[in-house]
Q: 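Quick one: structure below, then a few questions.
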Amino acid sequence: MINLIGTYEGKADAKGRLLLSAALKKQLSPILQEGFVLKRSLFQPCLELYPMDEWNILMAEVNKLNRFVKKNNDFIRRFTAGVKIVELDASGRLLVPKDLQVFAGISKNIVLSSAVNIIEIWDKDRYELAIDDGSGDTADLAEEVMGNANNNNGIS
C-alpha cells in the first residue's frame, strides 16, 4: 500500500498531457513501470489516478459483488465508466483522454492532490471551489469521520 503526500499545481497542454512534478514522480518511482488506471471520481468533478496495484486491490473487492443484484451491477457500470489504463511517456507526462478531460473540466491549470493511495486530478478552479466549499465545517467533518470513540489512533 502506497501513501502519497502533497498537492501540486501544474498545467495541461493542448493535447491533455500533464507533467507530474518531480516530488510526485519520486514518490511514485517504485511503481511507475506498472502503469496506472485513470477514472472519473464518484463524488467530485475530478479524476482519480490509481497505481495499478491499488486498482487491483480495489477491483478484488468490487469483484466480490454479486452481479445478479441489480444495484451491484449498476454500481459496477457507473464505477468503471470511462476507466482507462495510462502510463507516463518518456518525458514523464500523463495523457488524459479527451472524455475524461471534459468530465473534469480540465483545460489548462490543474492540481494534483494526493488522497492517501491515489492522486486526484482537478481543474484548478474547481479544486479551489471544492476546498473552499466545505471550509466552515472541516472540524465537524473530522470529528464525525475520525472522532469515533472506537478509533483510538491519536490523530490530531
Q: Does the side chain to side chain contact (heavy atoms under 4.5 Å, CB included) test come out yes or no for N72 and R67, once each step is laid out?
A: CA-CA 6 Å; N72 293 354; R67 289 191 174 106; 5.9 Å; no
Q: Starting at CD of E34, measure out to CG of D53 and round the result to the nearest 0.5 Å.
A: 4.5 Å
Q: Is there a path from L32 to I2 through hydrophobic residues (I, L, V, M, F, W, Y) whose side chains come within less than 4.5 Å of each other?
A: yes
Q: Can you tell if the side chain of N63 reaches within under 4.5 Å of the side chain of M59, non-hydrogen atoms only?
A: no
Q: Would you say that V69 contacts F75 through its side chain, given a criterion of any heavy-atom pair below 4.5 Å between the two side chains?
A: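 Heavy-atom side-chain distance check fails, nothing below 4.5 Å.
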Q: State the OG-CG distance between S113 and L49, to the nearest 0.5 angstrom.
A: 12.5 Å
Q: Looking at K98, I'd like to know if its NZ atom is crowded, meaning that more than 12 non-hydrogen atoms belonging to other residues, nucleotides or ligands lie closer than 6.0 Å.
A: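 Counting neighbours around NZ of K98, 12 or fewer heavy atoms of other residues, nucleotides or ligands fall under 6.0 Å, so no.
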Q: Kindly work out whether a path of hydrophobic side-chain contacts (I/L/V/M/F/W/Y, heavy atoms less than 4.5 Å apart) joins W55 to L38.
A: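 Not linked; separate clusters.
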Q: Carefully, step by step, assess D74 and K70 under the rule salt bridge (charged side-chain N to carboxylate O under 4.0 Å, His left out).
A: CA-CA 6 Å; D74 291 348; K70 185 179 180 333; 2.7 Å; yes
Q: What are the two closest non-hydrogen atoms of A130 and Q44, and how far apart are they?
A: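 Looking at all heavy atoms of both residues, the closest pair is CB-OE1, 4.1 Å.
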Q: For the atom pair CG (L28) and CD1 (I119), what is the distance rounded to the nearest 0.5 Å?
A: 4.5 Å
Q: V116 versus N3: any side-chain heavy-atom pair under 4.5 Å?
A: yes
Q: Is it true that atom NZ of K108 has more than 12 heavy atoms of other residues, nucleotides or ligands lying nearer than 6.0 Å?
A: no
Q: Atom OG of S21 and atom CD of E9: how far apart are they, to the nearest 0.5 Å?
A: 11.0 Å
Q: Can you name the closest pair of heavy atoms from G82 and R40 and give their distance?
A: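 Reported closest heavy-atom pair: CA-NE, 4.5 Å.
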Q: Evaluate the side-chain proximity of D123 to S107: yes if any heavy-atom separation is below 4.5 Å, no if none is.
A: yes
Q: So which heavy atom on R126 is nearest to which on F103, and how close?
A: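 Taking every non-hydrogen atom into account, NH1-O, 3.2 Å.
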Q: With rounding to the nearest 0.5 Å, note down the distance linking NZ in K124 to CD1 in I110.
A: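 The CD1 atom of I110 is 11.5 Å from NZ of K124, to the nearest 0.5 Å.
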Q: Tell me the closest heavy-atom pair linking K84 and P97, and the distance in Å.
A: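 Heavy atoms of K84 and P97 come nearest at CG-CG, 3.7 Å.
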Q: Could you see if L24 belongs to whatever hydrophobic cluster contains V86? Use Ile, Leu, Val, Met, Phe, Trp, Tyr and a side-chain cutoff under 4.5 Å.
A: yes
Q: Mind listing the closest non-hydrogen atom pair of P51 and F36 along with its distance?
A: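 Here P51 and F36 meet closest at CA-CD2, 3.5 Å.
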Q: Donor-acceptor pair, Q101 side chain versus V96 backbone, under 3.5 Å?
A: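 Confirmed, Q101 side chain pairs with V96 backbone.
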Q: Surrounding CD1 of I85 (heavy atoms of other residues, nucleotides or ligands, distance under 6.0 Å), is the total greater than 12?
A: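 Open.
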Q: Would you kindly confirm whether I31 and L94 end up in one hydrophobic cluster when ILVMFWY residues are joined by side chain heavy atoms under 4.5 Å apart?
A: yes
Q: Side-chain heavy atoms nearer than 4.5 Å, only ILVMFWY residues, links allowed to pass through others: does that put L112 and L88 together?
A: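 As far as the 4.5 Å side-chain criterion goes, L88 and L112 are connected within one cluster.
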Q: Would you give the length of the straight line joining atom CH2 of W122 to atom OG1 of T7, rounded to the nearest 0.5 angstrom?
A: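 Here the rounded value is 11.5 Å.
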Q: So L95 and R17, do their side chains get closer than 4.5 Å, heavy atoms only?
A: yes
Q: Heavy atoms only: give me the nearest S41-E48 pair and the separation to one decimal.
A: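 Looking at all heavy atoms of both residues, the shortest contact is OG-OE2, 3.4 Å.
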Q: Heavy-atom distance under 4.5 Å between the side chains of L58 and V37, does that happen here?
A: no
